[in-house]
Each structure stands twice: as C-alpha cells, then as structure tokens.
Amino acid sequence: QVQLQESGGGSVRAGGSLRLSCVVPGYDFSYRCFAWFRQAPGKEREGVAGIYVNGGNTYAAPVMGRFTISHDTPGNTLYLQMNNLKPEDTAMYYCAAVQGAGGGSCDSLNARAFNVWGQGTQVTVSS
C-alpha cells in the first residue's frame, strides 16, 4: 500500500517557522486532493490545510494567515509552510491524500475521507 513520506518537523521557539514536506510516491492522476492533519496528545486528529490537485485550498481557522499549503509540479511533493508558530501548534503532523474510488469527498478536512496517509512528523513549539 502506498504510504506518504513526511519530513521537516522539529523543535522551534514561538514565533519561529518550519516547512514540512511530504513525498507522494508514484503520484498519478488518481489523486484528487491532499491535506495536512495534526494530532496533539489526548486530542483528536484535526485538519490543518487542504489543497486540490487543480488548485484551490482551505485552512482551519487557527492556522489561517500563518500556514500555507502548496504542492509542486508535477505534484509529487506536498508542503506546509508554518510561520509565527505558537505552542498550541505542537503536535504530530500527518500528510494525507484522497486517491481513486476508495477515498471520500475533498470538500472538507474530514480525516475519514482521506485514504492514503504518512506516518507523521513531530512539531514542537516552546514558549
């Protein structure tokens, strides 16, 4: 089964920046959208940002204006630029994709719709 490959996590002070990357092995036209999710200890996984393969993106309210999602051409790498990081951004960050008929709708950052996942990369922000 295809698994996405995240990198770029680390530890930073509040106000700092990190850029997460996610390689999509074997990228093809069966992929419809991508997203970043995060999960902090004791909390549910939440959507952070999403992007369609043909453009258009969406952001969760807590990160709007600070995070930017993008993907390169020919689209086999997904990025999350995170600026002005806050301690509450501390979490394991996962990239995910909706691929083929097995995935759900790309209309919202609903983790259940995404059928391809990475193993995660840790982001820790200290005050």
Side-chain angles (χ1 to χ4, degrees):
Q1 185 176 357
V2 173
Q3 189 167 51
L4 309 179
Q5 300 164 0
E6 303 102 333
S7 62
S11 297
V12 296
R13 290 282 190 95
S17 298
L18 284 173
R19 188 192 196 202
L20 305 184
S21 299
C22 173
V23 175
V24 184
Y27 172 81
D28 60 26
F29 293 108
S30 67
Y31 286 89
R32 291 186 273 135
C33 59
F34 299 92
W36 288 94
F37 291 81
R38 66 186 182 187
Q39 187 166 19
K43 295 187 176 182
E44 291 189 358
R45 190 169 296 190
E46 63 174 355
V48 174
I51 188 168
Y52 286 89
V53 294
N54 294 324
N57 48 44
T58 185
Y59 296 93
V63 308
M64 200 169 295
R66 300 188 296 124
F67 290 13
T68 303
I69 188 172
S70 63
H71 68 86
D72 69 351
T73 303
N76 66 337
T77 305
L78 180 71
Y79 301 100
L80 185 68
Q81 177 67 43
M82 304 185 295
N83 298 326
N84 190 23
L85 283 160
K86 304 176 180 181
E88 52 264 42
D89 294 318
T90 295
M92 185 72 77
Y93 283 70
Y94 299 89
C95 65
V98 174
Q99 183 191 23
S105 170
C106 290
D107 291 340
S108 67
L109 293 172
N110 183 345
R112 295 181 180 180
F114 289 78
N115 59 335
V116 184
W117 289 83
Q119 292 188 321
T121 185
Q122 178 68 37
V123 172
T124 302
V125 185
S126 59
S127 57

Notebook entry, point to check: Between OH of Y94 and SG of C22, what distance do you get to the nearest 0.5 Å?
Noted result: 13.0 Å

Note to self: Would V53 and Y27 count as a side chain to side chain contact (heavy atoms under 4.5 Å, CB included) here? Give the steps.
What the structure shows: CA-CA 11 Å; V53 294; Y27 172 81; 3.8 Å; yes

Check: In terms of hydrophobic clusters joined by side-chain contacts under 4.5 Å, are F29 and L4 together?
Finding: no

Notebook entry, point to check: Honestly curious: do L109 and I51 fall in one hydrophobic cluster under the side-chain, below-4.5 Å linking rule?
Noted result: no

Next item on the list: Evaluate the side chain to side chain contact (heavy atoms under 4.5 Å, CB included) criterion for residues M82 and L20: first the C-alpha distance (whole Å), next the side-chain angles of each, then the deciding distance (0.1 Å), finally the verdict.
Entry: CA-CA 8 Å; M82 304 185 295; L20 305 184; 3.7 Å; yes

Next item on the list: Hey, can you tell me if F67 and Y93 have their rings parallel, tilted or perpendicular (30° and 60° cut-offs)?
Entry: tilted

Notebook entry, point to check: Are L85 and V48 joined in one hydrophobic group, where the rule is that I, L, V, M, F, W and Y side chains link up if heavy atoms are under 4.5 Å apart?
Noted result: yes

Check: Nearest heavy-atom pair of T77 and S21: which atoms, and what distance?
Finding: CG2-CB, 4.5 Å

Item checked: Inter-residue atom distance C95.SG - L78.CG, 0.5 Å rounding -> 6.0 Å

Note to self: With a 3.5 Å distance limit and no angle check, can you tell me whether N115 reaches the backbone of Q99 through a side-chain donor-acceptor pair?
What the structure shows: yes

Next item on the list: Indicate the ring-plane relationship of H71 and F34, choosing parallel, tilted or perpendicular according to the 30° and 60° boundaries.
Entry: tilted

Item checked: Approximate separation, where rounding is to 0.5 Å, of L18 CG and D89 CG -> 10.0 Å

Item checked: Worked check of side chain to side chain contact (heavy atoms under 4.5 Å, CB included) between E6 and W36 -> CA-CA 10 Å; E6 303 102 333; W36 288 94; 3.9 Å; yes

Notebook entry, point to check: What distance do S127 atom OG and R13 atom CZ have between them, rounded to the nearest 0.5 Å?
Noted result: 8.0 Å

Next item on the list: Consider only side-chain N and O atoms of N110 and S108, and report whether a donor and an acceptor are under 3.5 Å apart.
Entry: no

Next item on the list: Say whether, by atom type as modelled, one donor and one acceptor occur between the side chain of T124 and the main chain of T90 under 3.5 angstrom.
Entry: no

Item checked: Atom of V123, atom of G9 and distance for their closest heavy-atom approach -> CG2-CA, 4.2 Å

Margin query: Main chain of G104, side chain of R32: is a donor-acceptor contact present, judged purely on distance under 3.5 Å?
Written below: yes

Note to self: Using 0.5 Å steps for rounding, measure from the CZ atom of R38 to the CD atom of E46.
What the structure shows: 4.5 Å

Check: Do V98 and Y52 belong to the same hydrophobic cluster, where Ile, Leu, Val, Met, Phe, Trp and Tyr are linked whenever their side-chain heavy atoms lie under 4.5 Å apart, directly or via other members?
Finding: no

Check: Are Y79 and M92 in one and the same hydrophobic cluster, where Ile, Leu, Val, Met, Phe, Trp and Tyr link if side-chain heavy atoms are under 4.5 Å apart?
Finding: no

Margin query: If I take atom CD1 from residue I69 and atom CD from residue Q81, how far apart are they, to the nearest 0.5 angstrom?
Written below: 12.5 Å

Next item on the list: Considering non-hydrogen atoms only, spot the tightest contact between A14 and P87 and give its length.
Entry: CB-CD, 4.1 Å

Item checked: Under 3.5 Å donor-acceptor, Q39 side chain and K43 backbone -> yes

